[in-house]
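Below is one structure; the comments refer to it alone.
Along the sequence shown, residues are numbered consecutively beginning with 1.
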Amino acid sequence: MARPAHRLTMAALALAVSGAAAALPMTPVHAESLTAARTAAASPSAARGLAAATGSTRRTAAPRPGGDSRAQHRLVGAWTTSTDRVTAALGGQTVRMIVRASVGGGGTRLRLSNLFGAAPVTFADVHVGVQAYGAEIIAGTNRPVTFHKRTSVKVPPGQAVWSDPIPGRIAGGSALVVSVHLPGTVRGVTGHERAYSTTYLSGPGDHAAEESGEGFTYTSTQWYFLDRIAVEAGGATVGSVVAFGDSITDGAGQAVDANRRWTDYLRQRLARQSASRRMGVLNAGIAGNRLLHSNVGPSGLSRFYRDVLSQPGVRTVVVYEGINDIARGDYTSIKPLAYGYKRLIREAHARKVKVLVGTLTPFYGWSTWTPEREEIRQRLNEWIRTSKAFDGVLDFDRAVRDPEFPEQLAVSYDSGDHLHLSDAGRLALADAVNLRML
């Protein structure tokens with residue numbers, strides 16, 4: 001559960017800081033305050049859609065959180081990541097990130113966050129295109145992103161900003177390339193530690209509009225500032241499901257750029273459904289996260305509204321968190337964890353969001369396993385299965401445990417550390433989801 005080493009070299013860090021340039025002119029923020037809100041090849045169809053897009057953007061309000069279906073074309077989350085303050089030194093350079101849209105549509109918007117920053121951050125030039133390979137973008141797809149029709153935006157600490165709609169359409173499954181130029185040095189970077197995706201960083205200068213990847217000479221495996229992408233989806237039936245969890249949801253055990261999180265497999269299943277049954281799949285996992293206590297990232301209780309309930313178009317949440325509470329705690333009763341689950345349920349139901357829960361999977365053989373902790377896991381899973389507190393139960397434990405020794409993962413589903421899942425194990429989780437329950 002320890003954080004992996006950051007792949008950005010010390011030389012790159014020094015260059016990022018020393019190369020900081022003077023900030024560009026600032027613009028007013030089209031921002032959603034977060035402090036006020038409750039302390040794989042690229043798709044040809046997406047390439048054609050962005051390449052053919054013309055015309056000016058239109059001004060709209062920021063996306064509404066969950067359940068608002070009044071508009072004929074409403075905003076639905078297509079991608080997200082849960083953020084924290086990450087260790088990085090950036091500035092005077094361009095950051096190029098690769099993310100995969102789980103559902104397609106037009107009017108694409110992206111959100112940049114400075115929630116964990118200590119000072120305002122200026123984003124001077126932002127572009128989005130479709131990935132060809134690595135940091136290279138398919139010709140003709142790289143589009144400028146505006147904020148209140150301006151290319152530069154200054155975001156205060158504790159806030160985030162939604163972009164204007166981006167012309168054209170993207171296809172579900174598209175590998176989108178988001179390039180962000182940071183003219184000034186940033187300390188206190190809001191981001192996601194374990195992206196399991198290569199992020200490309202340039203030397204000094206603005207390279208956001210370039211389709212070539214030649215200017216991006218450094219890499220990391222973190223995401224920076226970008227935390228949401230939403231699209232306009234036709235019809236009131238289209239929504240999103242948020243997977244809320246820890247490292248098993250975040251993607252631990254997969255290779256970098258593999259896109260083999262259990263949520264990736266779920267997206268693939270949903271993509272085969274009829275258009276009326278497709279959903280955005282949003283991954284709100286943080287490796288090492290705990291439900292009741294802040295440790296690695298804010299606690300599940302404290303981040304639930306921000307990471308789940310405020311997502312545009314959210315209809316359902318899958319809560320799959322608590323194993324770190326058990327593995328790192330000394331509970332003699334399941335009452336604190338059951339209370340935590342019930343609190344999430346109340347908050348979700350107050351916003352008409354359905355709550356599914358995944359039973360906690362085995363961790364026998366992990367360094368902190370004890371018989372006492374195993375008893376708590378078993379008792380909590382029994383409560384999850386029988387309490388009828390949730391709108392539905394996904395029995396992930398049954399899907400991946402060893403039938404001969406249910407305290408441990410089946411060998412083929414074990415990544416090797418006896419807690420995190422192999423590719424086959426993450427696929428088994430996705431296959432255990434009853435799509436009708438979503």
Correct closest heavy-atom pair for D227 and S113 would be OD2-CB, 3.6 Å
Hey, does W262 have a side-chain heavy atom less than 4.5 Å from the side chain of L421? no
Look at R260 together with D423 and state whether they make a salt bridge at an N to O cut-off of under 4.0 Å. yes
For the pair L344 and L301, evaluate side chain to side chain contact (heavy atoms under 4.5 Å, CB included) and give the outcome as yes or no after the intermediate values. CA-CA 7 Å; L344 299 187; L301 291 179; 3.7 Å; yes
State, yes or no, whether a side-chain contact exists between V189 and F225 at a heavy-atom distance under 4.5 Å. yes
Do L419 and W369 make a side-chain contact, defined as non-hydrogen atoms from C-beta onward lying under 4.5 Å apart? no
Nearest 0.5 Å, what's the OG-NE2 distance between S247 and H420? 2.5 Å
CG (L337) and CZ (R290) are apart, to the nearest 0.5 Å, by 9.5 Å
With side chains defined as the heavy atoms from C-beta onward, is the minimum distance between R100 and W79 less than 4.5 Å? no
Roughly how far, to the nearest 0.5 Å, is the CG atom of L282 from the OG atom of S82? 9.5 Å
Side-chain touch H349/V355, heavy atoms, less than 4.5 angstrom: yes
Is R343 paired with E347 through a side-chain N to carboxylate O contact shorter than 4.0 Å? yes
Between T83 and T190, is there a donor-acceptor pair closer than 3.5 Å when you use the side chain of the first and the backbone of the second? no
For H192 and W223, take the angle between the two ring planes, folded into 0 to 90°, and tell me which bin it lands in: parallel under 30, tilted 30 to 60, perpendicular over 60. tilted
Does V145 reach the side chain of L110, with side-chain heavy atoms less than 4.5 Å apart? yes
Could you tell me whether the side chain of P298 reaches within less than 4.5 Å of the side chain of R306, counting heavy atoms only? yes
Is there a donor-acceptor contact under 3.5 Å from the side chain of D206 to the main chain of A208? yes
Drop me the distance from Q311's CD to R111's CZ, to the nearest 0.5 angstrom. 7.0 Å
Under 3.5 Å: donor-acceptor pair, side chain of R109, backbone of W162: no
To the nearest 0.5 angstrom, please state how far the CD atom of Q159 sits from the CG atom of L115. 10.0 Å
Measure the CZ-CG distance between R261 and D250 for me, rounded to the nearest 0.5 Å. 7.5 Å
If we only count heavy atoms from C-beta on, is the Y265 to L429 side-chain gap below 4.5 Å? no
